[in-house]
Amino acid sequence: MISLLYLLLALILYLLSLHITRNNYHPLGVSVAIWFFGAAVSSYSPWYNHLQTEWVLMTHMVVILGGLSLYFPLLLIPGVNNKKNNVRGVVFTKLYRLVFNLTFFLALLSFLIRFKGQLFEPALFFSGASDAKSSVAGSVPFLNYFELLLPFISIAAVFELFKNKYLTKKRQCLLFTVIFFSIVIYSIIYTVSRGGLLIFILGVFYLYLAVYKVGFFKVISFGVFVLLGLSIFTFMRINSASAVVTHFGEGLGVIFSPFYTYIAMCYENLNKLVISNGDMSLFWGALKAFLWPLYKSEYNVNVMGLEYYDTSFFNARTFLYPFYQDLGVFGVVLYSFLIGIIVQALYRVSLYDQRWLLLLAFMQKALVFTFFGNYFFSETVIIFPYVFALVLLLSLRLSDEC
């Protein structure tokens with residue numbers, strides 16, 4: 001019964017966002033709808049296995065309050081996607097091209113140093129491990145920050161292809177090369193990274209929706225396409241005997257198992273945290289990204305006593321996990337609301353100043369995969385792409401033409 005209520009909540013909040021903003025793909029509307037859909041799937045006890053436990057009342061409260069707090073800014077400061085908005089064009093300056101080119105060069109340099117011993121033996125084709133990603137070469141200190149930007153650089157490349165009215169053929173060739181290298185060669189063949197692939201796909205889809213009018217059913221079709229693609233990629237990366245693909249047994253169960261386990265086990269880890277009723281860590285979990293550079297050694301030995309609950313080898317946790325760990329229900333409401341305020345403010349600004357679409361595109365994985373972790377500011381490395389986006393968009397300028 002509770003699962004049905006979560007489904008209804010997801011549908012109602014999505015339709016309300018559609019009514020208020022006139023946008024099929026409002027960032028918060030879609031994010032919260034997916035959050036409650038994930039809660040519906042994860043709380044349906046007939047699908048549980050021996051690793052899962054019934055949600056306690058407090059877990060339901062945390063899930064509901066977290067989702068509603070993230071959604072509330074959409075109601076508080078709504079922005080209407082109006083065709084009459086006076087949207088000015090974007091000028092891609094020399095400074096923008098310099099930052100873009102230099103960042104890609106550093107990322108390429110990091111890639112060559114990292115994979116110099118595996119250039120002819122990429123993990124996707126030559127891994128003998130049960131999980132192909134486990135055989136990927138270790139990253140290069142410092143330069144790895146630029147390497148991790150490759151999917152985001154590709155989003156910026158697509159943004160320029162969409163918005164630059166004065167592209168030369170040479171620049172077009174460079175942009176398509178960047179996209180092919182970053183996504184096909186780096187994300188798929190060498191690092192076998194679904195995360196990098198998702199960053200690109202979701203970011204580009206958001207940019208596409210911002211430029212072209214797309215109906216509701218096309219959005220749904222795209223979602224189905226992405227899920228099928230992820231399923232195929234999962235089978236390419238993970239052994240067929242893994243618990244990821246055997247939860248529902250053989251046949252069609254093999255297809256649905258990856259989706260279920262990657263969602264439900266994340267909520268299960270949150271449920272374990274709530275049941276543990278441990279001491280609050282105040283700010284050490286939620287603000288780790290900002291505190292880690294100052295307290296690296298303390299985090300390495302976990303002086304703060306942060307608890308990381310896993311379910312077998314499923315170690316992903318929802319975006320609410322560190323918020324609840326730090327401040328309980330208050331932290332869930334506070335941090336979710338602040339994230340919602342920032343996203344909604346960016347959305348409102350982007351309706352008139354399309355440079356900010358780039359930052360929103362960078363955030364799409366964080367917004368869509370709230371059930372899989374805190375991709376907003378959980379680690380220092382996660383913040384770096386957002387800083388890169390700010391540098392890029394502030395190096396752009398608005399044209400005098402609409």
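For the numbers below, each heavy atom of this structure counts, side chains included, while hydrogens, waters and symmetry mates do not. Source: prediction; values computed, not measured. The residues of the chain are indexed from 1 along the displayed sequence.
- In this structure, Leu28 CG and Ile20 CD1 are separated by 11.0 Å, a value rounded to the nearest 0.5 Å.
- Side-chain contact check for Leu75 versus Leu16: some heavy-atom pair is nearer than 4.5 Å.
- Shown here is Phe37, whose CZ atom has no more than 12 heavy atoms of other residues, nucleotides or ligands within 6.0 Å.
- Proximity of a side-chain donor or acceptor of Tyr6 to a complementary backbone N or O of Ser42 within less than 3.5 Å is not detected.
- Residues Val329 and Met58 have side chains in contact (heavy-atom distance under 4.5 Å, counting atoms from C-beta outward).
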Assess whether ring-ring contact (aromatic ring centres under 6.0 Å, His included) is satisfied between Tyr262 and Phe371, documenting all intermediate values.
CA-CA 9 Å; Tyr262 276 119; Phe371 61 83; 9.3 Å; no
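- Remark: aromatic rings of Trp55 and Tyr48 are distant, center separation not under 6.0 Å.
- With a 4.5 Å cut-off on side-chain heavy atoms, Tyr299 and Leu291 count as touching.
- In this structure, Leu306 and Gln325 approach most closely via the heavy-atom pair C-NE2, 3.6 Å.
- Considering CD1 of Ile2 and OH of Tyr44, their distance stands at 14.0 Å, rounded to 0.5 Å.
- Checking side-chain atoms of Asn269 against main-chain N and O of Ala316 turns up a donor-acceptor pair under 3.5 Å.
- Under a 3.5 Å cut-off, the side chain of Arg317 and the backbone N or O of Leu270 do not form any donor-acceptor pair.
- Between Ala289 and Phe377, the shortest heavy-atom contact is CB-O, 3.1 Å.
- A distance of 4.5 Å separates OG in Ser336 from CG in Leu320, rounded to the nearest 0.5 Å.
- Pairing each heavy atom of Asp326 with each of Leu287, the nearest pair is OD2-N, 4.3 Å.
- Two rings, from Tyr166 and Phe92, have their centers 6.0 Å or more apart.
- Atom CG of Leu207 is separated from atom CZ of Phe362 by 9.0 Å, given to the nearest 0.5 angstrom.
- The distance from atom CG of Asn101 to atom CG of Leu108, rounded to the nearest 0.5 Å, is 12.0 Å.
- If you look at Phe111 and Phe181, their ring centroids are closer than 6.0 Å.
- Closest approach of Thr311 and Met265 over heavy atoms only: CG2-SD, 3.8 Å.
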Kindly indicate, with the supporting measurements, whether the criterion side-chain contact (heavy atoms from CB on, under 4.5 Å) is fulfilled by Leu51 and Glu268.
CA-CA 9 Å; Leu51 298 174; Glu268 175 62 23; over 6 Å; no
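- Under the 4.5 Å side-chain criterion, counting only non-hydrogen atoms from C-beta, Phe337 is in contact with Leu76.
- If you run side-chain contact (heavy atoms from CB on, under 4.5 Å) between Ser31 and each of Leu13, Leu70, Val368, Val343, only Leu70 comes through.
- Side chains of Val158 and Ile179 form a contact here, defined as non-hydrogen atoms less than 4.5 Å apart.
- In this structure, Asn300 contributes its side chain and Lys296 its backbone to a donor-acceptor pair below 3.5 Å.
- Between Tyr25 and the choices Tyr347, Phe205, Tyr208, the ring pair (Phe, Tyr, Trp, His ring centres under 6.0 Å) rule is met once, by Phe205.
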Determine whether Val90 and Lys165 satisfy the following criterion, side-chain contact (heavy atoms from CB on, under 4.5 Å), listing intermediate values before the conclusion.
CA-CA 9 Å; Val90 177; Lys165 297 180 180 179; over 6 Å; no
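- The neighbour count for Phe330 CZ, taken as heavy atoms of other residues, nucleotides or ligands under 6.0 Å away, does not exceed 12.
- When atom types are taken as modelled, the side chain of Asn164 and the backbone of Glu160 share no donor-acceptor pair closer than 3.5 angstrom.
- Between Ile339 and Phe323, some side-chain heavy-atom pair lies under the 4.5 Å cut-off.
- Two rings, from Trp35 and Phe319, have their centers less than 6.0 Å apart.
- When all heavy atoms are compared, the tightest approach of Leu359 to Ala389 is CD1-CB, 3.8 Å.
- Note that the CG atom of Leu202 and the NZ atom of Lys365 stand 9.0 Å from one another [nearest 0.5 Å].
- Leu396 is listed as a side-chain neighbour of Phe159, based on a closest heavy-atom distance under 4.5 Å.
- Taking the ring axis of Phe100 as reference, the NZ or CZ atom of Arg171 stays within 45° of it and closer than 6.0 Å to the ring centre.
- Proximity of a side-chain donor or acceptor of Ser276 to a complementary backbone N or O of Leu273 within less than 3.5 Å is detected.
- Of the options Phe104, Tyr186, Phe384, Phe105, a ring pair (Phe, Tyr, Trp, His ring centres under 6.0 Å) to Phe146 is made by Phe384 and by none of the others.
- Side chain of Ser69 to main chain of Gly66: no donor-acceptor pair is present (N/O by atom type, distance under 3.5 Å, no hydrogens or angles).
- No side-chain donor-acceptor contact under 3.5 Å links Tyr206 to the backbone of Leu358.
- Ring geometry for Trp47 against Tyr260 counts as perpendicular: the plane angle is over 60°, on a 0 to 90° scale with 30° as the lower cut.
- When atom types are taken as modelled, the side chain of Ser110 and the backbone of Leu106 share no donor-acceptor pair closer than 3.5 angstrom.
- Looking only at distances, a side-chain donor or acceptor of Thr93 sits under 3.5 Å from a matching main-chain atom of Ser395.
- Put simply, the side chain of Thr103 does not reach to within 4.5 Å of the side chain of Val391, judged on heavy atoms.
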For a side-chain contact (heavy atoms from CB on, under 4.5 Å) check, start with the C-alpha distance between Tyr335 and Tyr324, then their side-chain angles and the critical distance, and finish with the verdict.
CA-CA 10 Å; Tyr335 285 112; Tyr324 184 81; over 6 Å; no
Applying side-chain contact (heavy atoms from CB on, under 4.5 Å), run through Arg397 and Tyr96 and close with a yes or a no.
CA-CA 10 Å; Arg397 64 180 176 85; Tyr96 171 88; over 6 Å; no
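- The minimum heavy-atom distance linking Ser3 with Ser43 is given by the pair OG-OG, 3.2 Å.
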